[in-house]
2 protein chains.
Amino acid sequence: MQTHFTIDCVIYSFNEGKLQVLLTERNEYPYKDWWALPGFFVDKNEEMEGAVKRILYEHTGLKDIFMEQLGAFAGVKRHPQGRILTVAFSTIVKYDDVKSKIKPMTSYMRQASWFPVTALPELAFDHHQIIQQSLQKLKNNIHYSTAVYEFLPEKFTLTQLQQVYEAILGKELDKRNFRKKIANDGFLKELQEVQKGVSYRAARLYKFDKRKFQKHVGVE
Amino acid sequence: MQTHFTIDCVIYSFNEGKLQVLLTERNEYPYKDWWALPGFFVDKNEEMEGAVKRILYEHTGLKDIFMEQLGAFAGVKRHPQGRILTVAFSTIVKYDDVKSKIKPMTSYMRQASWFPVTALPELAFDHHQIIQQSLQKLKNNIHYSTAVYEFLPEKFTLTQLQQVYEAILGKELDKRNFRKKIANDGFLKELQEVQKGVSYRAARLYKFDKRKFQKHVGVE
DNA sequence: TCAAAAGTGTTAAACATACACCCATGG
DNA sequence: CCATGGGTGTATGTTTAACACTTTTGA
């Protein structure tokens with residue numbers, strides 16, 4: 001037995017203090033005019049991971065981004081035309097890197113736009129479920145993955161980092177406890193450099209140090 | 001574009017102090033005579049979850065077992081005849097419930113047999129990779145899931161429970177610390193009953209109390 | 001000098017780890 | 001009476017959580 005095979009991509013970014021997801025407005029039936037996750041059919045002989053990269057590229061112009069499989073969604077009724085198995089992936093991009101590049105490159109969708117995860121529109125297919133499952137995983141793994149750093153520029157302040165944590169977890173954190181934890185983890189590199197262009201005390205900048213992280217986690 | 005669609009099932013049990021996986025010996029090409037995970041094609045109009053149950057049933061005679069999706073494996077080269085997308089699931093059964101029922105119910109495989117995860121034979125396709133990924137997940141979630149109790153009979157001793165933990169984690173645990181942790185979690189029900197038929201001091205029996213567990217985890 | 005955000009320590013409670021001996025039972 | 005596994009407590013270090021004020025800076 002054969003099935004159609006697509007991938008759907010949950011693309012996150014962080015902007016205006018909020019965790020955002022990139023959605024596209026469909027220009028084709030079914031679900032014409034609905035918002036949906038960016039997703040397409042996988043080509044014959046195309047590796048799944050390659051398909052994710054291709055779609056990410058077609059939507060954002062970006063390459064070489066961290067991405068992770070969430071799982072397969074294969075409900076017989078998830079698509080009105082019969083089973084279309086989709087494998088969902090999630091990806092994180094830096095909002096500023098991407099904002100000028102976001103535009104539909106196929107006529108299948110009318111526009112692409114960011115939505116805060118706390119204020120999603122009604123979505124096509126089972127895409128709401130996919131996002132919720134993905135979000136849950138992001139929360140669960142926040143302390144064991146490098147995901148938070150994917151949201152931030154290379155150099156960032158501790159307050160920015162804390163805001164990303166808060167947006168993902170959906171709750172406020174204590175500043176002192178947060179800084180203690182981060183300091184204790186010890187995989188940030190403190191720079192001899194501070195923020196510029198702010199009208200208040202400038203915060204120190206930090207970098208994520210991948211080497212220290214890998215030592216900490218116990219690389220295999 | 002369409003692809004063949006199978007599911008593969010990682011079926012665990014606990015026996016002789018070891019974590020075991022059920023494998024089948026293939027009687028068909030490709031990989032004739034190799035050991036592989038139990039797996040089959042999903043039927044048209046069959047829900048994926050239904051297919052897992054069906055295959056589990058065909059191999060073990062069991063129904064209504066906890067099962068969880070691991071993810072999709074879709075490499076173009078994972079099957080010699082071209083892409084066959086498989087979605088892997090994992091499942092836990094009680095060895096004693098199952099041991100008399102295990103037998104091939106299709107001529108596609110010659111026999112089914114348990115192997116300790118520490119001594120697996122060479123496996124067909126990418127099944128070794130699937131098992132390793134599944135094992136990792138089992139370890140990661142051991143404290144947050146009810147999986148360990150799926151390995152045990154309704155009434156069990158604390159030593160049996162500890163052995164399951166040890167088999168999954170692949171390391172020894174301190175008896176006192178383990179008991180403190182379990183007591184502290186507080187979702188076991190102590191029975192007024194002890195082991196029978198042992199030639200040493202009989203151990204107290206316990207039950208897993210699902211209600212208490214759900215309160216503890218914070219059910220949603 | 002004011003507004004805004006940066007930066008900083010202490011205490012209490014919960015939890016994890018290391019470690020060794022006596023007890024109850026059946027044979 | 002002995003072999004076997006059952007059962008128990010203490011001390012130490014680590015992690016988490018709660019909580020508020022002073023400092024720096026640019027406008």
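We name chains A, B, ... by the order of the sequence lines, and we start the count at 1 in each one. Below, all heavy atoms of this structure are taken into account, side chains as well, without hydrogens, waters or symmetry copies.
Listed candidates were D/dT15, C/dT8, C/dA16. Nearest to the side chain of A/N184 is D/dT15.
We find that A/E166 and A/K171 are not joined by a salt bridge, their nearest charged nitrogen and carboxylate oxygen being 4.0 Å or further apart.
No close placement of the B/F14 and B/Y95 rings is indicated, their centers lying 6.0 Å or farther apart. In this structure, A/Y206 has its ring center no closer than 6.0 Å to that of A/F156.
Of the possible polar contacts, none joining the B/S134 side chain to the B/I130 backbone as a donor-acceptor pair under 3.5 Å is found. Checking side-chain atoms of B/R26 against main-chain N and O of B/W35 turns up no donor-acceptor pair under 3.5 Å.
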I'd like a table of atom pairs between the protein and nucleotides 9-11 of chain D - only N or O on both sides, under 3.5 Å - with the distance next to each one.
residue	atom	partner	partner atom	Å
D/dT10	O4	B/K180	NZ	2.7

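Checking the phosphate oxygens (OP1, OP2) of D/dA3, no side-chain nitrogen or oxygen of B/S199 falls inside 4.0 Å.
Atom P of nucleotide C/dA18 and atom CD of B/E172 are separated by 13 Å, given to the nearest angstrom. Distance, A/L158 CG to C/dG7 P: 7 Å, rounded to whole Å. Atom CD in A/Q195 sits about 21 Å away from atom P in D/dT23, given to the nearest Å. What separates CZ of A/R201 from P of D/dT25 is a distance of 7 Å, to the nearest Å. Between B/I182 atom CD1 and C/dC15 atom P there is a gap of 14 Å when expressed in whole angstrom units.
Side chain to side chain, B/Q136 and B/Q132 fail the donor-acceptor criterion of an N or O pair below 3.5 Å.
The 5' end of DNA chain D is approached more closely, in terms of each residue's nearest nucleotide, by A/K181 than by the other of A/A202 and A/K181.
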